[in-house]
Amino acid sequence: RVQLVESGGGSVQAGGSLRLSCAASGYSYSTYCMGWFRQAPGKEREGLAALYRGDGTTWYADAVKGRFTISQENDKGTLYLQIHSLKAEDTAMYYCATDILSGGYCYLWDARYNYWGQGTQVTVSS
């Protein structure tokens, strides 16, 4: 059974950085998509970045390009999201998720993703 556990959130000052982690386990496959999403109060869930486990290819939402970096451990274990130059509008619950049916292209559309973690809260104060 796939399990995803996020960590690394917290309260930070604007301009700071955070690295979120997602411990992933229980896969029967070696190739699938992993994605990071966030949801702020009163807003829809937003896709941020995705990574294809097969070859490490990454995708980013235009809104976060240059500030967010998705990466993985070499053994395809933990997934990371590095966030730089944090802004107040980055305040949200951040989730990792996996799309086990991916054929090699990773979408930033939450409906594609089959398994989700419980989320980690990021709060940015200005």
Trainee: Can you tell me how far the CE atom of M93 sits from the CD atom of Q121, to the nearest 0.5 Å?
Mentor: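 Going from the CE atom of M93 to the CD atom of Q121 covers 5.0 Å.
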Trainee: Which residues satisfy the ring-ring contact (aromatic ring centres under 6.0 Å, His included) test with Y94, sequence neighbours excluded?
Mentor: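 None.
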Trainee: In the hydrophobic clustering (ILVMFWY, side-chain contacts below 4.5 Å, transitive), which residues join L108, or is it alone?
Mentor: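 None, because no other hydrophobic side chain comes under 4.5 Å of this residue.
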Trainee: What do the steps show when you test Y52 against Y32 for ring pair (Phe, Tyr, Trp, His ring centres under 6.0 Å), and what is the final call?
Mentor: CA-CA 6 Å; Y52 184 60; Y32 47 89; 8.1 Å; no
Trainee: To the nearest 0.5 angstrom, please state how far the OG atom of S11 sits from the CG atom of L18.
Mentor: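 CG of L18 is found 9.0 Å from OG of S11.
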Trainee: Are the side chains of M34 and R53 in touch, meaning some heavy atoms are under 4.5 Å apart?
Mentor: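 A side-chain contact exists here, since the closest heavy-atom pair is under 4.5 Å.
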Trainee: Would you say the side-chain atoms of E6 pair up with the backbone N or O of G119, donor to acceptor, closer than 3.5 Å?
Mentor: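 Indeed, once roles are kept as given, a pair shorter than 3.5 Å links the two residues.
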Trainee: Could you state the interatomic distance from CG (N114) to CG (L101), rounded to the nearest 0.5 Å?
Mentor: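 Spacing of CG (N114) from CG (L101) equals 5.0 Å.
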Trainee: Is it the case that Y80 and E73 place a side-chain donor and acceptor less than 3.5 Å from each other?
Mentor: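 Y80 vs E73: donor-acceptor pair found between side chains.
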Trainee: If we only count heavy atoms from C-beta on, is the T78 to Q72 side-chain gap below 4.5 Å?
Mentor: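 SC-SC contact between T78 and Q72 ruled out.
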Trainee: Filter on salt bridge (charged side-chain N to carboxylate O under 4.0 Å, His left out), then keep only pairs touching residues 56-65, sequence neighbours left out; what's left?
Mentor: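 Of all non-adjacent pairs touching residues 56-65, those that pass salt bridge (charged side-chain N to carboxylate O under 4.0 Å, His left out) are D62-K65.
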Trainee: Taking only residues two or more places apart in sequence, or in another chain, which ones meet Y105 in a ring-ring contact (aromatic ring centres under 6.0 Å, His included)?
Mentor: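 If we apply the ring-ring contact (aromatic ring centres under 6.0 Å, His included) test to Y105, skipping adjacent residues, the hits are W59, Y107.
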Trainee: Are side-chain heavy atoms of Y95 and T120 found at a separation under 4.5 Å?
Mentor: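 A side-chain contact under 4.5 Å is absent here.
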Trainee: What's the separation between atom CG in L4 and atom OG in S25, rounded to the nearest 0.5 Å?
Mentor: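 Reported value, rounded in 0.5 Å steps: 7.5 Å.
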Trainee: Answer whether the closest heavy-atom distance between the side chains of R67 and D90 falls below 4.5 Å.
Mentor: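 When only atoms from C-beta onward are counted, D90 and R67 do touch, with a gap below 4.5 Å.
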Trainee: Say you draw a straight line from CG of L81 to CZ of R38; how long is it, rounded to the nearest 0.5 Å?
Mentor: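 It is 9.5 Å, given to the nearest 0.5 Å.
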Trainee: NZ/K87 to OG/S126 distance, rounded to the nearest 0.5 angstrom?
Mentor: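 Answer rounded to 0.5 Å: 13.0 Å.
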Trainee: Please report the shortest heavy-atom distance between A24 and G77, naming the atom on each side.
Mentor: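 Closest heavy-atom pair between A24 and G77: CB-O, 4.2 Å.
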Trainee: Show your reasoning for whether side-chain contact (heavy atoms from CB on, under 4.5 Å) applies to V12 and T123.
Mentor: CA-CA 6 Å; V12 296; T123 302; over 6 Å; no
Trainee: For Q118, look at atom CD and say whether over 12 heavy atoms of other residues, nucleotides or ligands are found less than 6.0 Å away.
Mentor: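 Counting other residues, nucleotides and ligands, CD of Q118 exceeds 12 neighbours.
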Trainee: Taking the six-membered ring of W116, is the NZ or CZ of R45 close enough (under 6.0 Å from the centre) and on axis enough (within 45°)?
Mentor: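 Yes - R45 lies over the ring of W116, closer than 6.0 Å to its centre and within 45° of its axis.
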Trainee: Is the shortest heavy-atom distance from the side chain of Y113 to the side chain of C106 under 4.5 Å?
Mentor: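 Result yes, sub-4.5 Å side-chain heavy-atom pair found.
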Trainee: Considering only residues two or more places apart or on different chains, which pairs with a residue in residues 93-105 satisfy salt bridge (charged side-chain N to carboxylate O under 4.0 Å, His left out)?
Mentor: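 Counting only pairs at least two positions apart or across chains, the salt bridge (charged side-chain N to carboxylate O under 4.0 Å, His left out) contacts touching residues 93-105 are D99-R112.
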Trainee: May I ask you to test the F37-L48 pair for a side-chain heavy-atom distance under 4.5 Å?
Mentor: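 With C-beta onward as the side chain, the pair stays apart.
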Trainee: So that I know where these two stand, are Y60 and F68 an aromatic pair - ring centroids less than 6.0 Å apart?
Mentor: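 No, they do not, as the ring centres are separated by 6.0 Å or more.
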Trainee: Assess the residue pair L79 and L20 against the criterion (side-chain contact (heavy atoms from CB on, under 4.5 Å)); give the C-alpha distance rounded to whole Å, side-chain angles, the decisive distance to 0.1 Å, and a yes or no.
Mentor: CA-CA 8 Å; L79 183 77; L20 307 182; over 6 Å; no
Trainee: Applying side-chain contact (heavy atoms from CB on, under 4.5 Å), run through T57 and L51 and close with a yes or a no.
Mentor: CA-CA 6 Å; T57 302; L51 180 148; over 6 Å; no
Trainee: Which pair of non-hydrogen atoms, one from I70 and one from T58, has the smallest distance, and what is that distance?
Mentor: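 Answer, listing the atom of I70 first, then T58: CG2-CG2, 3.6 Å.
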Trainee: With Q82, which residues qualify under side-chain contact (heavy atoms from CB on, under 4.5 Å), at least two apart?
Mentor: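 With neighbours one apart ignored, the set is S17, R19, T69, H84.
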